[in-house]
Structures are given as C-alpha cells and as structure tokens.
Amino acid sequence: MLSPPNLSIVVPCYNEAEVLPETIRQLERLLEQLAGQQRISSESRIFLVDDGSGDATWSLIAGAVEAGRPVVGVKLSRNRGHQIALIAGLEAADGDVVVSIDADLQDDLAAVGLMLAKFVDGADIVYGVRRKREADSLFKRSSARAFYRLMRMLGTETVPDHADFRLMSRRAVDALSEFREVNLYLRGMIPMLGFPSETVLYDRRERLAGVTKYPLRRMLALAIDAITSFSVLPLRLISGLGLLVSLTTTVLGIWTLLNALIHPAPVPGWASTVLPIYFLGGIQLVGIGIIGEYVGKLYLEAKNRPRYFIERIDRQKRNTFEPRMKSQQR
Ligand code: UDP
Ligand code: MG
C-alpha cells in the first residue's frame, strides 16, 4: 500500500496570541485523528507563520515547538500582510499536500478530512467554500457579494465565497511559487494554475477570539489589488468613456451649429460653458488616477523586491507525535 501523504497545515498569524493556544490544540487533534486513521503520515506538521506580530504570538509558537508539538514556526522579519504571510508559509511547507487556514478557526476543521478525500480522488486543488455567511456582518456580506460580482464582470475567475481555506497538492504549490509578483491576490492566482479542482462546502463560524485583522482599509486595498492584478478592463473603460464623451460632444456641436444658423440666439449661458469643464476635469482626473494605479503596480513589480524575509524557522529535528497519540489513547 502507498504510504499516506505528509500533510502541512499553513496558518498565517498576526497578533493572534489570544486564539493561538486553542488553534494549535485543535489543529494538533486534527493531525492526530487523521494520522490515526492512516490518512496522513505522522510526519505531518502545522506551519505557523508569524507575520511580524507585536504580541506574544511568536513566543507561543516557539514554545509549542519547544514542547514537542507537531509545529514548525516561521517568523517573518516584519509584518507583510496576510497574502504574503500565506505564501511564505506555502513556500516553507514541505508536505505532499498543503492546507491553508486562518488562525482564528472560523473555518470548519472537519472540512479538511473532506478535502483530503478529494485529493486522494485526484484533485490538486480543493477550495473550501462557505455555505452561508451568517457569521459575517451585513456589511461584510454585502460588500463581498458586490466584489465577487465585480470580479466576474471584469473577467477574473474567482471562486465565490471562498477565502484562503484550501488544499493544494505539492505540484500546485510549486506551480504557484513560480508566480513572482509582489502584489498577491492568491484567490485570483490559484484558479489560473489549472489542475483538477474541487470544492468542499462548510459553515463559517465566528472568530474564536481576538479581532479581525482586516479593517475596511485593508479590505479595500485587497480589492484594488485583486482588480488591478488581474484585469486591464478599467483602462479600457477609460478609453470607452473618452470616446463616448467625444462623440456626444461632436453631436452636440453639430446640433448647436445648426440651431445657431436657423435661429440666431443670444450669447449662450454660463452653465453650458463651465459645467462641462468641471465634468471633463473630473473624468480626466479619475482616468489619470486609474492609469496611475497600474503605473504604480508596474513600478512595484519592476523593482522585483523580495516578497518577505524569514527571520528564523523553529522546528524540532525528529519529533513525531505518535508517542503522544499513544499516551492519549490509554
Ligand atoms: N493576517 C496576517 N497578516 C496580516 C493580517 C492578517 O497574517 O497583516 C492573518 C490573521 O492572523 C488571520 C488571517 O490572516 O489568520 C485572516 O485574518 P482575519 O481573520 O483577521 O480576517 P477576516 O477573517 O476577518 O477577514
Ligand atoms: Mg477571520
């Protein structure tokens, strides 16, 4: 019989000290269960990426490694944001199969077993998709819905109601790390990999503890990144708008000329002169802004700076959690 795959669970953590002990406990239990059922190897590990936290997150991670829990600690040199922390973890993970999940355990761990089953049946990528979003605020729900609709309109393939809870095979992870861009929007990049893909439905819960690390400002930045990294449609829209305004103006000009020839009129009013100036000025500024967004992105990508630096990796040389499992079975 083929030996069961080595599973790496990747968890980006930013100021998650409140929730982390429970997260580690639950993930460890999951590994024990799956290893007990011979579905994963006992070399499987939880990769906790500390994204430059300012609280006790790293000492909790280092302590867990020290205590011989099945944890590998990856400490980034500073805060780089969720998407980069996640790719750092994916690149550090050494499993045959990798599952990424948030530290707050909003995602249902039971879905990991279902994902593994689909992997065994041949899927390279298994997306965790939320059945309902009741745990999210009304604002988060409706803004997310508008965002997915916009992304679809812009022609980007994204899996609706899928955040970054997913399984990837080794070859999918390797393919992903060939994308060298600095502005990451993983949810848009992963469907571009191709490979056989599947979805698993699950219920999303409230955060176990702590507060969201995605305030409105970060959500907007992620949305802008998502749009400008995957679509040049906004640039085309500017040209379209320019064309529309010019055509309308031409037609209006002809109409005005004919009108003036037929009924000679007094000097035209202020509004018809000044308002179009402001209107067009506004459109031009928006247009320049959108172009600037792309130029800025080019600038950042052209510099090709490293995405992150790892300050240290903590892992025990040879610790399998089998003895622990046995002692718990007693
Ligand atoms: N996170 C991170 N770096 C950041 C912000 C967030 O690694 O700069 C992690 C965070 O610790 C969590 C995940 O990204 O594991 C998702 O964040 P959160 O749960 O706050 O987002 P929400 O679920 O509210 O969208
Ligand atoms: Mg969360």
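Sequence positions, counted from 1, serve as the residue numbers for this chain. Here the structure is a predicted model, which means the values were calculated and not measured. As the structure lists them, so they are numbered: ligands from 1, and atoms in each ligand from 1.
- Contacts between Asp51 and ligand 1, counted as non-hydrogen atom pairs separated by less than 4.0 Å, involve the side chain only.
- For residues 71-118, the set of pairs meeting the ring-ring contact (aromatic ring centres under 6.0 Å, His included) definition, not counting sequence neighbours, comprises His82-Tyr214.
- Considering backbone and side-chain atoms alike, Pro12 places an N or O below 3.5 Å from some N or O of ligand 1.
- For CD of Glu181, the number of neighbouring non-hydrogen atoms (other residues, nucleotides, ligands) closer than 6.0 Å is greater than 12.
- Annotation: atom 25 (O) of ligand 1 to nearest protein heavy atom, Lys140 NZ, 3.0 Å.
- Considering only non-hydrogen protein atoms, atom 18 (P) of ligand 1 sits nearest to Arg207 NH2, 3.4 Å.
- Here 2 is the count of protein N, O or S atoms positioned under 2.8 Å from the Mg ion (ligand 2), waters not counted.
- For a threshold of 3.5 Å applied to N or O pairs, the pair formed by Ala85 and ligand 1 contains no separation below that value.
- Look at Arg80 and Asp51 and you find no salt bridge, because none of the NZ, NE, NH1 or NH2 atoms lies under 4.0 Å from a carboxylate O.
- Closest to atom 24 (O) of ligand 1 among all protein heavy atoms lies Thr212 OG1, 2.5 Å.
- Within ligand 1, the atoms closer than 4.0 Å to a non-hydrogen atom of Cys13 are 7 (O), 11 (O), numbered from 1 in the order shown.
- Look at Arg204 and you'll find a heavy atom under 4.0 Å from some atom of ligand 1.
- Residue Arg218 places a heavy atom under 4.0 Å from ligand 1.
- A salt bridge does not link Asp203 with Arg130: none of the charged nitrogens is closer than 4.0 Å to a carboxylate oxygen.
- Using modelled atom types and a 3.5 Å distance limit, the side chains of Gln83 and Asp225 yield no donor-acceptor pair.
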For this session: For side-chain contact (heavy atoms from CB on, under 4.5 Å), just list the numbers for Leu150 and Ile227, CA-CA rounded to whole Å, side-chain angles, deciding distance to a tenth of an Å, and then say yes or no.
Result: CA-CA 9 Å; Leu150 179 69; Ile227 294 166; 3.4 Å; yes
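- Note on Asp96 versus Arg170: no salt bridge recorded, every NZ/NE/NH1/NH2 to OD/OE distance being 4.0 Å or above.
- With hydrogens left out, the protein atom closest to atom 17 (O) of ligand 1 is Tyr214 CD1, 3.9 Å, a heavy atom.
- Atom 6 (C) of ligand 1 has its closest protein heavy atom at Lys213 CB, 3.5 Å.
- Between Asp107 and Arg166, no side-chain nitrogen of the basic residue sits less than 4.0 Å from a carboxylate oxygen of the acidic one, so the salt-bridge criterion is not met.
- The pair Arg307-Glu91 counts as a salt bridge, with a side-chain nitrogen and a carboxylate oxygen less than 4.0 angstrom apart.
- Protein heavy atom nearest atom 14 (O) of ligand 1, with residue, atom name and distance: His82 CD2, 3.1 Å.
- A donor and an acceptor atom, one from each side chain of Ser53 and Asp50, are located under 3.5 Å apart.
- Looking at Met219 against ligand 1, nothing comes within 4.0 Å, counting heavy atoms.
- Residue contact check: Glu16 has heavy atoms under 4.0 Å from atoms 10 (C), 11 (O), 12 (C), 15 (O) of ligand 1.
- With sequence neighbours left out, the side chain to side chain donor-acceptor pair (under 3.5 Å) criterion links Tyr185 to no other residue.
- Under the rule for a salt bridge (charged side-chain N to carboxylate O under 4.0 Å, His left out), the partners of Glu22 that lie at least two apart in sequence or sit in another chain are Arg25.
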